[in-house]
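Take a look at the structure set out below.
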Number of protein chains: 2
Amino acid sequence: MPDDILSDIPQFAGLAGPERRVVAAETRLGSLAPGEALFVQGDPADRFFLLKDGRLKVTQVTAEGQSLIVRIVNPGEFFGFAPALQRESYPATCEAIVDSAALVWPRHRWEAVLSAAPSVTQSVVQAIGRKLDEAHTRLREMTTEEAAPRVAHLLLRLQVEAGDHATAAPDGGVELPYPLTRQDIADMSGSTLHTVSRIMASWEAQGVLGRGRRKVIIADPAALEKITATEE
Amino acid sequence: MPDDILSDIPQFAGLAGPERRVVAAETRLGSLAPGEALFVQGDPADRFFLLKDGRLKVTQVTAEGQSLIVRIVNPGEFFGFAPALQRESYPATCEAIVDSAALVWPRHRWEAVLSAAPSVTQSVVQAIGRKLDEAHTRLREMTTEEAAPRVAHLLLRLQVEAGDHATAAPDGGVELPYPLTRQDIADMSGSTLHTVSRIMASWEAQGVLGRGRRKVIIADPAALEKITATEE
DNA sequence: CGATTTTTTGATGAGTTTCAAATGATGTGG
DNA sequence: CCACATCATTTGAAACTCATCAAAAAATCG
């Protein structure tokens, strides 16, 4: 099969020749350097995507300039499917945090892709459902928990979402496979970089986290779990 | 057509006889008194629903007992579609706040209903998408805004969602067509009933809101809008 | 009219943001 | 290869918002 742009994509693994060609039609592979934006909040929603490699962050900015990181996109996930929801424009900005590569379809291929790969419908609906769940979970955390457990929850969630991509750190801990600043973590946990810095510094002192500039090393996941429950 | 359980449901208005019968198969109409729960967080997700009349509130409770109102269900909306997301159990509790009636399908009818009324797929995907949007919006508000603008945003959103059901109040304002306590509003805005009470009392004094026990009367929407933007 | 529910109001303190500044890392160009 | 600019993080102190505790007032219901 010439230029099989879909190889290595689990979602399309079971796809036979004809359907495969339908899905691949008008698809291209885009690549992004760290900091580059794939689309910006408010852009017309004329494409949808699947992340092949790398890591993206999806952010929303308020009218007052405060920003919130809505989520991190890991390889193998669909994203930017605003077209599927009949949206005119993207509700968020999507930018690479490491070198990344993504499959890009023009908006009008959405129906074609769905009917060629019906399992994709299921997969997209479930993906949205999970995102909704996660949003509700975060909503609950944000409003009922204090800063420390929120950050603990966040780090554990990021670790789970990174899945097997999370690289094992030397001392038995786990390191997130992409750089995150304290500011990023603050934007994800609804806090400020100052508060996050204080919290994480204290965890480093206790040996719960490893230290590193723009790195997150979870040395002792069990201790973090404990912090999510008990507040202190 | 005998016992046409689907009449008055916009979603199924354009449905012809045969499809209509498929959708109606095994459907029943449930009714609920205020305070009665349709399903409780953790229950097996064996049914899905469409609200015909009344008003429901969907709540989640944390391990520590704090509760959060996820949303209010208005007539004409699908809800409890956990089955569609392949969930085993409902992630929230759903209870009536006024006398309500809802269409109830057993879980296994989901696929049948979808294929008989394909537009429903679209409508459900969009509904979930909107909920996701709303969740993100609330997430942003919760984390970046202070209590007063959060409550203001909430009230305006409830007004919009209630749509034409919102009854016009005598003095030119709008009243939400269902009772809400300060505690409810606190649970929706991530605050406490004390804080909400203070905030709303001050708005009443300014003439932005009308007053009433378990009532929400928006006397001056424009003033509320202003509060959402400027904080003060 | 007494019991219950809902709302109001005051006082206090904890937790976070904000403001300010210093320290530590990283990379670059001369 | 070092000096310097930049970026990231840490830390301190003060201000402030909001949750909590406590209690009373107001509305509703039987």
Quiz prompt | nucleotides 1-10 of chain C: protein proximity per nucleotide (B base, S sugar-phosphate only, - neither; heavy atom, under 4.0 Å) | solution = ----BSBBBB
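Rounded to whole Å, atom C1' of D:dA8 lies 12 Å from atom CD1 of A:Ile185. Taking atom CD on B:Glu146 and atom C1' on D:dA19, their separation rounds to 15 Å, with Å as the unit. Rounding to whole angstrom units, CE of residue A:Met142 and P of C:dT17 are separated by 11 Å. D:dT9 atom P lies 13 Å from atom CG of A:Leu209, rounded to whole Å.
In this model, a donor atom of one side chain and an acceptor atom of the other lie less than 3.5 Å apart for A:His153 and A:Glu145.
Note: A:Phe48 and A:Trp105 have parallel aromatic rings, judged against thresholds of 30 and 60 degrees for the angle between ring planes. Between A:Phe39 and A:Phe79, the angle of the ring planes stays under 30°, which puts this pair in the parallel group of the 30/60° scheme.
Taking each heavy atom of B:Arg47 and B:Val104 in turn, the nearest pair found is CD-CG1, 3.8 Å.
Looking at residues two or more places apart in sequence or on another chain, you find a side chain to side chain donor-acceptor pair (under 3.5 Å) between A:Glu77 and A:Arg71.
With hydrogens and angles ignored, the 3.5 Å screen pairs no side-chain donor or acceptor of B:Ser197 with any backbone N or O of B:Leu193.
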